[in-house]
Protein chains: 2
Amino acid sequence: MNIKEASEKTGVSSAAIRYYEKESLIPAIDRTPVGNRDIDDRIIRRIRFVTQMRAAGMSIENLRRYIQLFDAQEDNAKEQKALLQEQLGVMEEKRDDLQAAIDHLNYKLNHFYDHMESTEEELRALEREHTDKVAKQDDAPDDDIAHNF
Amino acid sequence: MNIKEASEKTGVSSAAIRYYEKESLIPAIDRTPVGNRDIDDRIIRRIRFVTQMRAAGMSIENLRRYIQLFDAQEDNAKEQKALLQEQLGVMEEKRDDLQAAIDHLNYKLNHFYDHMESTEEELRALEREHTDKVAKQDDAPDDDIAHNF
DNA sequence: TTACCCCTTGATGTGCACTTTAAGGCAAGG
DNA sequence: CCTTGCCTTAAAGTGCACATCAAGGGGTAA
(Lines give C-alpha, C1' and ligand atoms only; values in the text may rest on other atoms or scores of the structure.)
Protein backbone atom coordinates (compact mmCIF):
# COMPACT_ATOMS: atom_id res chain seq x y z
CA MET A 1 0.00 0.00 0.00
CA ASN A 2 1.23 3.52 -0.69
CA ILE A 3 1.74 6.21 1.90
CA LYS A 4 -1.61 7.86 1.28
CA GLU A 5 -3.50 4.64 1.93
CA ALA A 6 -1.43 4.02 5.03
CA SER A 7 -2.24 7.53 6.16
CA GLU A 8 -5.95 6.94 5.68
CA LYS A 9 -5.76 3.59 7.43
CA THR A 10 -3.97 4.93 10.49
CA GLY A 11 -5.19 8.49 10.69
CA VAL A 12 -1.58 9.64 10.70
CA SER A 13 -0.63 12.15 7.99
CA SER A 14 1.77 11.14 5.23
CA ALA A 15 4.18 13.80 6.40
CA ALA A 16 4.08 12.40 9.91
CA ILE A 17 4.74 8.86 8.65
CA ARG A 18 7.79 10.11 6.75
CA TYR A 19 8.85 12.00 9.85
CA TYR A 20 8.49 8.89 12.02
CA GLU A 21 10.60 6.92 9.60
CA LYS A 22 13.29 9.60 9.53
CA GLU A 23 13.28 9.72 13.31
CA SER A 24 13.51 5.91 13.49
CA LEU A 25 10.23 5.50 15.34
CA ILE A 26 9.24 2.96 12.70
CA PRO A 27 11.61 0.74 10.69
CA ALA A 28 12.97 1.73 7.28
CA ILE A 29 10.12 1.21 4.84
CA ASP A 30 10.52 -0.93 1.71
CA ARG A 31 10.47 0.88 -1.62
CA THR A 32 8.94 0.07 -4.99
CA PRO A 33 11.29 0.04 -8.03
CA VAL A 34 10.68 3.76 -8.54
CA GLY A 35 11.44 4.58 -4.93
CA ASN A 36 7.97 4.98 -3.48
CA ARG A 37 7.26 3.64 -0.01
CA ASP A 38 5.47 0.30 0.02
CA ILE A 39 3.86 -0.05 3.41
CA ASP A 40 2.81 -3.41 4.86
CA ASP A 41 0.87 -4.41 7.95
CA ARG A 42 3.96 -4.66 10.09
CA ILE A 43 4.60 -0.97 9.47
CA ILE A 44 0.95 -0.16 10.07
CA ARG A 45 1.14 -1.86 13.46
CA ARG A 46 4.27 0.06 14.33
CA ILE A 47 2.64 3.33 13.33
CA ARG A 48 -0.31 2.47 15.58
CA PHE A 49 2.07 1.71 18.41
CA VAL A 50 3.70 5.11 17.98
CA THR A 51 0.28 6.74 17.90
CA GLN A 52 -0.76 5.06 21.11
CA MET A 53 2.39 6.03 22.96
CA ARG A 54 2.26 9.58 21.61
CA ALA A 55 -1.36 9.85 22.75
CA ALA A 56 -0.18 8.70 26.15
CA GLY A 57 2.23 11.61 26.22
CA MET A 58 5.51 9.84 25.46
CA SER A 59 7.93 12.16 23.70
CA ILE A 60 9.49 11.33 20.34
CA GLU A 61 12.88 11.24 22.00
CA ASN A 62 11.85 8.73 24.68
CA LEU A 63 9.99 6.67 22.15
CA ARG A 64 13.07 6.49 19.97
CA ARG A 65 15.26 5.43 22.89
CA TYR A 66 12.74 2.75 23.74
CA ILE A 67 12.40 1.46 20.20
CA GLN A 68 16.11 1.46 19.49
CA LEU A 69 16.64 -0.67 22.56
CA PHE A 70 14.13 -3.17 21.21
CA ASP A 71 15.36 -3.09 17.65
CA ALA A 72 18.92 -3.75 18.73
CA GLN A 73 18.41 -7.40 19.59
CA GLU A 74 21.38 -7.46 21.88
CA ASP A 75 21.37 -8.59 25.43
CA ASN A 76 20.09 -5.36 26.86
CA ALA A 77 17.09 -6.74 28.70
CA LYS A 78 18.04 -4.87 31.82
CA GLU A 79 18.12 -1.52 30.06
CA GLN A 80 14.90 -2.27 28.25
CA LYS A 81 13.19 -3.08 31.48
CA ALA A 82 14.59 -0.04 33.21
CA LEU A 83 13.36 2.21 30.41
CA LEU A 84 10.01 0.49 30.43
CA GLN A 85 9.65 0.90 34.18
CA GLU A 86 10.70 4.52 33.95
CA GLN A 87 8.17 5.28 31.26
CA LEU A 88 5.52 3.36 33.14
CA GLY A 89 6.17 5.50 36.19
CA VAL A 90 5.86 8.69 34.17
CA MET A 91 2.63 7.52 32.63
CA GLU A 92 1.09 6.35 35.89
CA GLU A 93 1.86 9.70 37.45
CA LYS A 94 0.31 11.41 34.46
CA ARG A 95 -2.77 9.19 34.72
CA ASP A 96 -3.12 10.04 38.41
CA ASP A 97 -2.76 13.77 37.73
CA LEU A 98 -5.40 13.43 35.09
CA GLN A 99 -7.68 11.53 37.46
CA ALA A 100 -7.24 14.23 40.08
CA ALA A 101 -8.22 16.89 37.56
CA ILE A 102 -11.19 14.80 36.45
CA ASP A 103 -12.28 14.41 40.07
CA HIS A 104 -11.97 18.15 40.50
CA LEU A 105 -14.12 18.92 37.48
CA ASN A 106 -16.66 16.24 38.43
CA TYR A 107 -16.93 17.73 41.87
CA LYS A 108 -17.59 21.14 40.38
CA LEU A 109 -20.10 19.72 37.96
CA ASN A 110 -22.00 17.92 40.69
CA HIS A 111 -22.20 21.02 42.86
CA PHE A 112 -22.99 23.42 40.13
CA TYR A 113 -24.63 26.37 41.89
CA ASP A 114 -26.11 23.75 44.24
CA HIS A 115 -28.94 23.11 41.85
CA MET A 116 -29.35 21.22 38.61
CA GLU A 117 -32.08 22.49 36.41
CA SER A 118 -33.17 19.29 34.72
CA THR A 119 -33.50 15.73 35.89
CA GLU A 120 -31.90 14.42 32.73
CA GLU A 121 -28.73 16.27 33.57
CA GLU A 122 -28.72 14.93 37.09
CA LEU A 123 -28.96 11.44 35.71
CA ARG A 124 -26.22 12.07 33.22
CA ALA A 125 -24.01 13.37 35.99
CA LEU A 126 -24.66 10.26 38.06
CA GLU A 127 -23.91 8.04 35.12
CA ARG A 128 -20.65 9.87 34.66
CA GLU A 129 -19.76 9.29 38.26
CA HIS A 130 -20.31 5.56 38.00
CA THR A 131 -18.30 5.35 34.83
CA ASP A 132 -15.21 6.00 36.90
CA LYS A 133 -13.44 2.91 38.01
CA VAL A 134 -13.02 3.94 41.62
CA ALA A 135 -16.08 4.19 43.80
CA LYS A 136 -15.78 7.87 44.56
CA GLN A 137 -17.14 9.58 47.58
CA ASP A 138 -18.59 13.02 47.11
CA ASP A 139 -15.57 14.57 48.73
CA ALA A 140 -13.80 17.68 47.62
CA PRO A 141 -10.97 16.41 45.46
CA ASP A 142 -7.98 18.15 47.01
CA ASP A 143 -7.66 20.73 49.72
CA ASP A 144 -4.85 22.49 47.90
CA ILE A 145 -7.15 23.55 45.12
CA ALA A 146 -9.62 26.38 45.55
CA HIS A 147 -13.14 25.16 45.00
CA ASN A 148 -14.39 28.47 43.84
CA PHE A 149 -12.33 27.44 40.86
CA MET B 1 5.11 37.99 48.46
CA ASN B 2 7.18 38.84 45.40
CA ILE B 3 7.19 36.89 42.18
CA LYS B 4 10.33 34.94 43.02
CA GLU B 5 8.84 33.64 46.25
CA ALA B 6 5.63 32.75 44.45
CA SER B 7 7.69 30.93 41.86
CA GLU B 8 9.49 28.94 44.53
CA LYS B 9 6.22 28.19 46.31
CA THR B 10 4.45 26.91 43.21
CA GLY B 11 7.30 25.52 41.13
CA VAL B 12 6.16 27.73 38.26
CA SER B 13 8.81 30.07 36.82
CA SER B 14 8.47 33.84 37.27
CA ALA B 15 8.27 34.23 33.52
CA ALA B 16 5.47 31.69 33.33
CA ILE B 17 3.53 33.48 36.08
CA ARG B 18 3.83 36.74 34.14
CA TYR B 19 2.76 34.87 31.03
CA TYR B 20 -0.29 33.41 32.80
CA GLU B 21 -1.28 36.84 33.98
CA LYS B 22 -0.94 38.31 30.50
CA GLU B 23 -2.98 35.47 29.07
CA SER B 24 -5.65 35.95 31.75
CA LEU B 25 -5.25 32.49 33.22
CA ILE B 26 -4.88 34.13 36.60
CA PRO B 27 -6.41 37.44 37.70
CA ALA B 28 -4.58 40.75 37.41
CA ILE B 29 -2.06 40.77 40.24
CA ASP B 30 -1.89 43.65 42.75
CA ARG B 31 1.18 45.87 42.59
CA THR B 32 3.33 47.52 45.22
CA PRO B 33 3.76 51.33 45.01
CA VAL B 34 6.76 50.86 42.70
CA GLY B 35 4.90 48.52 40.36
CA ASN B 36 6.15 45.13 41.52
CA ARG B 37 3.73 42.23 41.71
CA ASP B 38 2.46 41.48 45.20
CA ILE B 39 1.18 37.93 45.17
CA ASP B 40 -1.27 36.59 47.75
CA ASP B 41 -2.66 33.13 48.49
CA ARG B 42 -5.63 33.59 46.20
CA ILE B 43 -3.22 33.99 43.28
CA ILE B 44 -1.14 31.05 44.49
CA ARG B 45 -4.26 28.87 44.45
CA ARG B 46 -5.12 30.01 40.96
CA ILE B 47 -1.60 29.30 39.76
CA ARG B 48 -1.90 25.81 41.23
CA PHE B 49 -5.22 25.32 39.48
CA VAL B 50 -3.62 26.30 36.19
CA THR B 51 -0.76 23.91 36.88
CA GLN B 52 -3.14 21.06 37.58
CA MET B 53 -5.19 21.60 34.46
CA ARG B 54 -2.07 22.07 32.32
CA ALA B 55 -0.66 18.82 33.70
CA ALA B 56 -3.93 17.19 32.72
CA GLY B 57 -3.35 18.34 29.17
CA MET B 58 -5.76 21.29 28.95
CA SER B 59 -4.53 23.89 26.50
CA ILE B 60 -3.94 27.53 27.45
CA GLU B 61 -6.71 28.53 25.07
CA ASN B 62 -9.31 26.17 26.58
CA LEU B 63 -8.23 27.09 30.05
CA ARG B 64 -8.72 30.76 29.27
CA ARG B 65 -12.18 30.14 27.85
CA TYR B 66 -13.09 28.19 30.94
CA ILE B 67 -11.74 30.75 33.37
CA GLN B 68 -13.29 33.70 31.59
CA LEU B 69 -16.67 32.02 31.79
CA PHE B 70 -16.24 31.66 35.53
CA ASP B 71 -14.83 35.13 36.07
CA ALA B 72 -17.72 36.73 34.25
CA GLN B 73 -20.27 36.20 36.98
CA GLU B 74 -23.15 36.39 34.59
CA ASP B 75 -25.86 33.84 34.15
CA ASN B 76 -23.90 31.52 31.92
CA ALA B 77 -24.29 28.36 33.97
CA LYS B 78 -25.32 26.41 30.91
CA GLU B 79 -22.22 27.37 28.96
CA GLN B 80 -20.02 26.73 31.96
CA LYS B 81 -21.47 23.28 32.33
CA ALA B 82 -21.15 22.54 28.64
CA LEU B 83 -17.50 23.57 28.65
CA LEU B 84 -16.90 21.58 31.79
CA GLN B 85 -18.52 18.48 30.33
CA GLU B 86 -16.59 18.89 27.13
CA GLN B 87 -13.29 19.17 28.92
CA LEU B 88 -14.21 16.26 31.16
CA GLY B 89 -14.85 14.15 28.09
CA VAL B 90 -11.49 15.05 26.60
CA MET B 91 -9.73 14.25 29.83
CA GLU B 92 -11.50 10.95 30.39
CA GLU B 93 -10.60 9.87 26.90
CA LYS B 94 -7.03 10.89 27.54
CA ARG B 95 -7.01 8.96 30.79
CA ASP B 96 -8.33 5.86 29.06
CA ASP B 97 -5.73 6.12 26.29
CA LEU B 98 -3.10 6.45 28.96
CA GLN B 99 -4.46 3.43 30.81
CA ALA B 100 -4.41 1.40 27.60
CA ALA B 101 -0.77 2.31 27.04
CA ILE B 102 0.05 1.50 30.66
CA ASP B 103 -1.65 -1.88 30.28
CA HIS B 104 0.36 -2.46 27.15
CA LEU B 105 3.66 -1.67 28.84
CA ASN B 106 2.73 -3.72 31.91
CA TYR B 107 1.95 -6.66 29.71
CA LYS B 108 5.32 -6.36 28.03
CA LEU B 109 7.05 -5.98 31.35
CA ASN B 110 5.38 -9.08 32.75
CA HIS B 111 6.30 -11.18 29.74
CA PHE B 112 9.79 -9.93 29.38
CA TYR B 113 11.60 -12.64 27.43
CA ASP B 114 9.41 -15.11 29.31
CA HIS B 115 11.82 -15.09 32.21
CA MET B 116 12.66 -12.68 34.98
CA GLU B 117 16.15 -12.91 36.29
CA SER B 118 15.53 -12.06 39.91
CA THR B 119 12.72 -12.77 42.31
CA GLU B 120 12.77 -9.19 43.56
CA GLU B 121 11.84 -7.97 40.12
CA GLU B 122 9.01 -10.46 39.85
CA LEU B 123 7.64 -9.21 43.10
CA ARG B 124 7.97 -5.60 42.03
CA ALA B 125 6.13 -6.39 38.84
CA LEU B 126 3.32 -8.02 40.78
CA GLU B 127 3.12 -5.07 43.10
CA ARG B 128 2.80 -2.82 40.10
CA GLU B 129 -0.06 -4.88 38.78
CA HIS B 130 -2.02 -4.63 41.99
CA THR B 131 -1.46 -0.92 42.20
CA ASP B 132 -3.82 -0.53 39.27
CA LYS B 133 -7.36 0.14 40.22
CA VAL B 134 -8.95 -2.40 37.92
CA ALA B 135 -8.41 -6.08 38.59
CA LYS B 136 -6.58 -6.88 35.40
CA GLN B 137 -6.40 -10.25 33.75
CA ASP B 138 -3.15 -11.18 32.15
CA ASP B 139 -4.63 -10.61 28.73
CA ALA B 140 -2.95 -8.95 25.85
CA PRO B 141 -4.09 -5.32 26.05
CA ASP B 142 -5.35 -4.76 22.52
CA ASP B 143 -5.32 -6.94 19.47
CA ASP B 144 -4.59 -3.98 17.24
CA ILE B 145 -1.18 -3.50 18.76
CA ALA B 146 1.71 -5.75 17.88
CA HIS B 147 3.03 -7.52 20.92
CA ASN B 148 6.46 -7.82 19.57
CA PHE B 149 6.41 -4.16 20.28
C1' DT C 1 0.58 15.21 -25.51
C1' DT C 2 -1.61 17.06 -21.94
C1' DA C 3 -3.70 16.52 -17.69
C1' DC C 4 -4.05 14.33 -13.30
C1' DC C 5 -2.73 12.18 -9.33
C1' DC C 6 0.27 9.92 -6.93
C1' DC C 7 5.06 9.95 -5.25
C1' DT C 8 10.11 11.73 -3.74
C1' DT C 9 13.57 14.85 -0.91
C1' DG C 10 15.12 18.93 1.36
C1' DA C 11 14.07 23.22 3.11
C1' DT C 12 11.33 26.23 5.33
C1' DG C 13 7.17 27.52 8.07
C1' DT C 14 3.91 27.04 12.03
C1' DG C 15 1.71 27.00 16.66
C1' DC C 16 2.19 26.32 21.30
C1' DA C 17 4.03 27.40 25.68
C1' DC C 18 6.95 29.20 27.41
C1' DT C 19 12.32 31.14 28.04
C1' DT C 20 15.69 34.37 27.34
C1' DT C 21 17.45 38.80 26.41
C1' DA C 22 17.64 43.76 26.45
C1' DA C 23 17.20 47.90 28.74
C1' DG C 24 16.11 49.95 32.59
C1' DG C 25 14.08 51.21 37.81
C1' DC C 26 14.25 50.87 43.04
C1' DA C 27 16.39 49.85 47.63
C1' DA C 28 19.98 48.21 50.72
C1' DG C 29 24.94 47.43 51.96
C1' DG C 30 29.82 48.52 51.85
C1' DC D 1 29.09 56.14 44.59
C1' DC D 2 28.90 51.58 43.22
C1' DT D 3 27.61 46.94 43.36
C1' DT D 4 24.12 43.48 44.30
C1' DG D 5 19.75 41.77 43.79
C1' DC D 6 15.34 42.14 43.27
C1' DC D 7 11.90 43.92 40.04
C1' DT D 8 9.59 45.84 35.35
C1' DT D 9 8.21 45.53 30.05
C1' DA D 10 8.59 44.38 25.24
C1' DA D 11 10.62 41.70 22.02
C1' DA D 12 12.96 38.03 20.31
C1' DG D 13 14.42 33.19 20.75
C1' DT D 14 13.62 28.08 21.64
C1' DG D 15 12.14 23.17 21.23
C1' DC D 16 8.88 20.09 19.86
C1' DA D 17 6.16 17.83 16.44
C1' DC D 18 4.91 18.14 12.79
C1' DA D 19 2.83 20.91 8.14
C1' DT D 20 3.71 23.02 4.03
C1' DC D 21 6.24 24.21 0.02
C1' DA D 22 9.34 23.81 -3.95
C1' DA D 23 11.05 21.20 -7.60
C1' DG D 24 10.89 17.30 -9.81
C1' DG D 25 9.64 12.06 -11.34
C1' DG D 26 6.36 8.18 -12.72
C1' DG D 27 1.88 6.00 -14.37
C1' DT D 28 -2.54 6.17 -16.57
C1' DA D 29 -6.25 8.00 -19.42
C1' DA D 30 -8.58 10.94 -22.68
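Note: hydrogens, waters and symmetry copies are ignored here, and every other heavy atom, side chains too, is used. We name chains A, B, ... by the order of the sequence lines, and we start the count at 1 in each one. Model, not experiment: these values are computed from the prediction.
- A donor-acceptor contact shorter than 3.5 Å is absent between the side chain of Ser7(B) and the backbone of Ile3(B).
- Using a 4.0 Å cutoff to heavy atoms of chain A, the contacted part of DNA chain C runs 5' to 3' from dC6(C) to dT9(C).
- Contacts between residues 1-17 of chain A and DNA chain D, defined by a heavy-atom separation under 4.0 Å, are made by Ser13(A), Ala15(A), Ala16(A).
- Not counting sequence neighbours, the partners of Arg42(B) by the side-chain contact (heavy atoms from CB on, under 4.5 Å) test are Pro27(B), Asp40(B), Arg45(B).
- With sequence neighbours excluded, the residues that form a salt bridge (charged side-chain N to carboxylate O under 4.0 Å, His left out) with Arg37(B) are Glu21(B).
- The end-to-end axis angle of the helix from dT1(C)-dA30(D) to dG30(C)-dC1(D), rounded to 10 degrees and based on five pairs per end, is 30°.
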Which pairs, protein N/O on one side and nucleotides 13-17 of chain D N/O on the other, fall under 3.5 Å?
| unit_1 | atom_1 | unit_2 | atom_2 | d |
| --- | --- | --- | --- | --- |
| dA17(D) | OP1 | Ile60(A) | N | 3.3 |

Nucleotide N/O to protein N/O under 3.5 Å, stretch nucleotides 27-29 of chain D:
none

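- Distance Asp38(B) CG to dT8(D) P: 11 Å, rounded to the nearest Å.
- Scanning for side-chain contact (heavy atoms from CB on, under 4.5 Å) contacts around Glu5(B) gives Met1(B), Asn2(B), with sequence neighbours left out.
- Checked against side-chain contact (heavy atoms from CB on, under 4.5 Å), Asn36(A) has the following partners two or more places apart in sequence or in another chain: Thr32(A), Val34(A).
- For Glu23(A), the salt bridge (charged side-chain N to carboxylate O under 4.0 Å, His left out) partners at least two apart in sequence or on another chain are Arg64(A).
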